[in-house]
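These notes are about the structure you will find just below.
Chain identifiers are assigned alphabetically (A, B, ...) following the order of the sequence lines, protein sequences preceding nucleic acid strands; residue numbering begins at 1 within each chain.
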Amino acid sequence: MMSDTRECIIGLEVHAQLMTRSKIFCGCEVASDAEPNTLTCPVCLGLPGALPVLNRRAVELTARLGLALGCRVNTRSVMARKHYAYPDLPKGYQITQYAQPLCEGGGLTITTSTGERRIGIARIHIEDDAGKSVHGENGSLIDLNRCGVPLAEIVTEPALRHPAEARAWLRELHLLLVRLGICDGNMELGSLRCDVNVSLRLRGESTLGPKTEIKNLNSFRNVERALEREIARQEGILKSGGCVVSETLLWDAAAGEVLPLRSKEGSHDYRYFPEPDLPPIVVEEMLLQRLVKEMPELPAACRNRLRSEYDLDKQAARLIADDAGLTVYFETLCAAGVEPTRALRWLRGEILHRLGGCEITTFGVSPTALAELLELEATERITTTSAVRILDWMLTEGGCAGDGLRALDLESIAAGAHLDELVQRTLADHPHKVERYRSGERRLFGFFMGCVMTASSGRANPTELRRLLAIHLD
Amino acid sequence: MRISETLIRHLEGIARLETSREERRGLRCDLGRFLEYAADLPDVDPAQAIGTAIPTHLSGDRPDEISPSLSQTEALAAAPTVRAGHFLVPPVLPAAADSSPPPLAVAPPVANPSIPVTSSVGESALTALSLTEALQGLEKGEFSAAEYRRDLRARIQQINPVLNAYCYLEPSDEAETPSRSGTLRGLPFALKDNLHRLGEPLQCASRILTGYRAPYDATVTAKLLAAGGSGLGRTNMDEFGMGSSCEYSIHGSTRNPWSPAHSPGGSSGGAAAAVAADCALFALGSDTGGSLRQPAAHCGVVGIKPTYGRVSRYGLVAFASSLDQVGPITRDVRDAAQVLELIMGADPRDATCRDLPTPGLMSEVDNGVRGLRIGVPSGLGRMAVSSSIRKSLNDAREALVAEGARIVPVDLPELEQGVAAYYLLANAEASSNLARFDGVRYGARAADCADLATLYSRTRGEGFGPEVKRRILLGAFTLSSGYYAAYYLRAQQVRRRLTDAFDRLWRRCECLLLPVTPGPAFPLQSRLADPLSMYLEDLFTVPASLAGLPAGSVPLGLCDGLPLGGQVVAPPFAEATLIRTLAALERAFPMRATRGAAVAAALADGGGEP
């Protein structure tokens with residue numbers, strides 16, 4: 001879609017709702033399902049005389065994110081007021097950070113079809129969220145429950161070059177936020193929102209062209225689609241000799257279009273200045289040391305470790321590493337003696353299928369119980385088919401693998417008269433096919449295997465069966 | 001600096017403030033004059049100017065714990081219009097048809113009452129008592145708190161029509177017996193109209209807060225109530241604390257009890273007038289650039305602004321957050337020490353309020369100043385100071401020497417830049433703090449607004465008085481893009497230098513003696529035409545405000561029948577030294593008998609003019 005003469009420059013601003021119990025500047029509870037205007041107090045209503053007091057958990061969570069992204073966490077940062085007028089902004093200003101944010105620098109590496117690229121982070125700061133306006137023809141209804149919900153804003157360098165990269169970066173960030181317990185990552189409910197900035201320029205140029213900003217994208221897919229549409233729009237303008245106007249746009253997901261923001265506000269003069277109601281935020285060295293100590297393994301490191309420790313391929317490592325629960329489950333299976341390839345095959349196949357999108361932590365069979373089952377399969381005491389049947393029995397009955405095996409009578413038929421008899425009977429039932437096989441139609445071997453398997457209710461040991469069939473057919 | 005029509009319109013736009021054509025012409029002129037005055041500020045060193053607006057190094061945060069929220073009914077209680085559990089505002093963009101909510105009536109300004117006083121002014125023995133004396137009287141059982149309250153109410157009802165010191169008096173409830181427990185034993189206190197008292201109307205002397213009732217107690221209010229104090233009423237002030245004369249008020253001007261033709265000073269003018277006229281035992285006010293000290297000086301009483309961070313600001317309607325402090329106005333220094341002891345201390349609701357041990361202050365009153373090194377400016381230089389003030393300061397110096405203090409001549413050239421820096425910074429913060437008054441959640445709302453922008457600019461245009469508008473626009477200018485570095489940062493730099501100069505000063509002396517004002521109280525209306533002349537009234541009070549230092553004002557004598565005040569400034573959190581020195585001056589310049597007689601005479605004259 002992009003011509004070879006131009007490249008696009010993309011930057012993201014991501015708002016992540018911090019997982020605190022109370023709001024950033026007051027003790028009101030953070031909840032998304034309350035009746036309108038039931039989670040407010042003099043502070044978040046912006047009543048005269050009320051003062052903000054910073055929730056230290058919000059600082060800790062943001063500092064943790066900064067450390068995970070390799071940012072410099074400033075020992076001293078300053079809150080600032082950003083002024084604009086809107087009825088869901090009760091104080092007439094947002095309390096955010098401007099000149100001295102909490103975190104600066106750092107980056108996050110993404111893998112796309114074109115390879116690995118580290119995208120730099122300009123800054124991460126903390127701020128309060130505004131309320132919610134519902135606009136109607138006869139006026140707007142204002143709910144201030146969201147006012148003062150703590151947010152971290154993560155701003156990338158304008159270093160992304162493709163909508164797919166933007167999507168991949170946001171996905172990687174999402175993973176990290178959820179893994180670190182910083183944000184619940186629920187994009188539909190607005191816990192994670194993304195604004196994108198995009199401009200085009202001729203390849204080889206070093207200055208940036210006029211950019212547009214698309215606000216409040218609420219899914220990975222919409223980030224990519226909105227960017228694709230906007231790049232096409234800008235390219236169309238430039239090709240026809242026009243100029244792109246710097247403006248803020250909205251994404252209409254249903255129509256798949258970018259629209260100008262419906263706003264009367266002409267000039268933005270935010271009049272930032274240091275928030276006089278709040279002292280500077282001081283992050284002690286002790287806190288940073290504690291946060292480093294508590295830092296869990298990050299997704300990228302986990303992927304690398306899984307690849308080297310268990311010899312997984314890239315895709316498999318991502319599948320397991322990107323889900324913290326799955327990582328634990330997988331590693332517990334392996335520690336219990338299950339071969340990594342077998343563990344991966346089962347997780348990727350039967351287990352994920354049965355989870356149907358739910359968390360592995362909700363799965364009814366523990367990894368140690370599953371390991372016992374897989375041990376039976378590995379030692380060929382049961383066939384794979386039987387193992388699957390036992391798994392389902394374990395899920396419904398709650399017993400261990402050995403109980404399932406006995407209850408279902410699925411001990412594999414390995415040798416002896418019984419299997420031999422089944423083979424002979426099967427061959428006797430299909431004299432023509434036996435003749436065709438013997439005259440060279442070798443692919444019928446699979447057919448006989450299947451017949452005996454069915455006749456044995458899937459219990460026939462495949463190795464032994466193959467040996468017996470070969471004896472009787474040849 | 002010339003303020004162009006385009007610039008003033010831009011400022012009105014970002015400040016959401018509608019002005020009339022005539023107003024705008026005046027505003028352009030006033031802003032231009034002030035900015036010319038401020039042009040003398042030194043150039044900025046960007047490396048030093050970045051920082052917070054808060055003068056001291058503080059830290060205060062809170063654990064992530066949930067506290068109860070208001071109910072939906074409570075949250076929406078003060079809103080002009082609501083629908084289905086929501087605040088309701090007109091559409092963001094104007095609709096084709098007018099569909100705005102019904103208008104809310106805005107109350108007309110209260111006319112300045114001027115009922116002549118007829119008889120028996122100043123005859124009540126009880127109301128003339130100081131807080132200390134009243135407490136002793138209660139302890140000895142000479143009278144009850146209810147009796148005291150009854151006498152005080154009677155006196156207020158008699159005198160307030162002339163003084164207009166109170167803008168709200170609690171409904172009389174004869175059956176109510178004030179609590180006899182606690183330090184205050186049920187004695188009443190007066191609150192400035194910008195301090196929250198649950199359930200009472202609070203207006204900051206502004207039309208825009210018409211109908212607003214406080215839904216919570218300020219921390220200082222709660223502390224006084226917990227100490228056994230009882231509410232009494234609310235005192236008049238300049239709108240949102242912006243003014244030095246108590247004339248910019250929706251409730252009308254307050255008069256000086258020493259001479260009703262004169263201003264009591266401001267912005268805590270109502271509090272000072274009430275205490276001076278024995279209409280309040282003591283009052284709490286606020287001081288941003290001198291609002292406690294200057295009216296106390298003009299009314300011949302004691303006013304103390306504590307160190308920034310000493311007293312909680314929670315529930316004080318903010319004017320300039322980095323400067324505002326709550327403090328007492330009392331009849332003597334001992335009373336001030338007593339009230340300070342009751343209101344000082346950390347508050348989890350105010351992050352700028354310091355968690356420091358609070359000293360005993362009452363015990364300092366009689367400690368004297370023997371051996372104390374007290375700084376006195378070697379000359380007040382080219383500052384415009386009246387000869388009476390110069391003389392009173394000399395007298396004060398000699399009195400302190402006689403009490404055994406050592407006078408240290410000091411030179412503080414930084415004082416002169418204080419007014420420009422103060423008005424730039426205070427109004428920058430004010431323009432931000434007053435952004436919340438928009439007619440959406442509480443207060444008055446302009447009628448018949450078809451769209452949101454109109455609602456904002458008309459509500460604010462109609463709701464704010466002339467001085468508040470001037471300051472909001474000046475503040476918006478100071479912070480606006482293109483002027484921030486030249487004005488806000490330069491002023492912040494001056495503030496830093498002034499603070500540093502004080503820090504150096506404290507190596508040479510334990511406190512500093514200064515005038516409070518350039519001259520005695522001025523006649524009502526004499527400064528209204530020239531805002532800059534009103535600002536220059538704050539020349540000696542803003543330095544301590546900018547540096548966050550404790551400072552107090554105490555009477556030093558009279559000039560043409562009007563009281564003069566002296567100011568003592570102390571190092572951060574050295575309220576003890578402040579009290580010692582103020583008390584020494586009080587002993588040298590007793591004012592009590594003079595005040596009682598002078599006020600009685602002035603009020604008996606009938607305060608019918610001007």
>> Between A:Leu47, A:Asn145, A:Asp143, A:Leu39, who has the most heavy-atom pairs with chain B when the cutoff is under 4.5 Å?
In response: A:Leu47

>> At a 4.5 Å cut-off on heavy atoms, which part of A:Phe25 comes close to chain B: side chain, backbone, both, or neither?
In response: backbone

> For A:Gly27, does its backbone N or O pair with a side-chain atom of B:Glu65 as donor and acceptor, under 3.5 Å?
Replying inline: no

>> Taking side chain as everything from C-beta outward and backbone as N, CA, C, O, which of these in B:Ala218 sits under 4.5 Å from a heavy atom of chain A? Side chain, backbone, both or neither.
In response: neither

> Considering only heavy atoms, which portion of B:Tyr442 lies under 4.5 Å from any heavy atom of chain A: side chain, backbone, both, or neither?
Replying inline: side chain

>> Between A:Ser22 and B:Arg62, do the side chains contain a donor N or O and an acceptor N or O under 3.5 Å apart?
In response: yes

> Is it true that the side chains of B:Arg436 and A:Tyr93 contain a donor and an acceptor less than 3.5 Å apart?
Replying inline: yes

> What part of B:Leu316 gets closer than 4.5 Å to chain A, counting heavy atoms only: side chain, backbone, both or neither?
Replying inline: backbone

> Okay, side chain of B:Arg441, backbone of A:Pro90: is any donor-acceptor separation there less than 3.5 Å?
Replying inline: yes

> When you measure from the side chain of B:Asp64 to the backbone N and O of A:Arg21, does any donor-acceptor pair fall under 3.5 Å?
Replying inline: yes

> Given the options B:Tyr212, B:Phe437, B:Tyr483, which has more heavy-atom pairs under 4.5 Å with chain A than any of the others?
Replying inline: B:Tyr212

> Checking B:Arg349 against chain A: side chain, backbone, both or neither under 4.5 Å from a heavy atom?
Replying inline: backbone

> Between B:Tyr216 and A:Ala50, is there a donor-acceptor pair closer than 3.5 Å when you use the side chain of the first and the backbone of the second?
Replying inline: yes

>> Heavy-atom cut-off 4.5 Å, strictly under: side chain, backbone, both or neither for B:Ala84 against chain A?
In response: backbone

> Non-hydrogen atoms of chain A under 4.5 Å away: do they reach the side chain of B:Pro215, the backbone, both or neither?
Replying inline: side chain

>> Using heavy-atom distances under 4.5 Å, tell me whether B:Ser71 contacts chain A through its side chain, its backbone, both, or neither.
In response: backbone

> Checking A:Cys26 against chain B: side chain, backbone, both or neither under 4.5 Å from a heavy atom?
Replying inline: backbone

> Can you tell me if A:His83 uses its side chain to pair, donor with acceptor, with the backbone of B:Ala15 under 3.5 Å?
Replying inline: no

> Which answer fits B:Arg83, side chain, backbone, both or neither, if we ask what part of it has an atom under 4.5 Å from a heavy atom of chain A?
Replying inline: both

> Non-hydrogen atoms of chain B under 4.5 Å away: do they reach the side chain of A:Pro52, the backbone, both or neither?
Replying inline: backbone

>> Taking side chain as everything from C-beta outward and backbone as N, CA, C, O, which of these in A:Lys23 sits under 4.5 Å from a heavy atom of chain B? Side chain, backbone, both or neither.
In response: backbone

> Going by atom types alone, do B:Asn433 and A:Arg81 pair a side-chain donor with an acceptor below 3.5 Å?
Replying inline: yes

>> For B:Ser481, is there any backbone N or O sitting under 3.5 Å from a side-chain donor or acceptor partner on A:Asp269?
In response: yes

> chain B heavy atoms under 4.5 Å from A:Ile24: which part of the residue, side chain, backbone, both or neither?
Replying inline: backbone

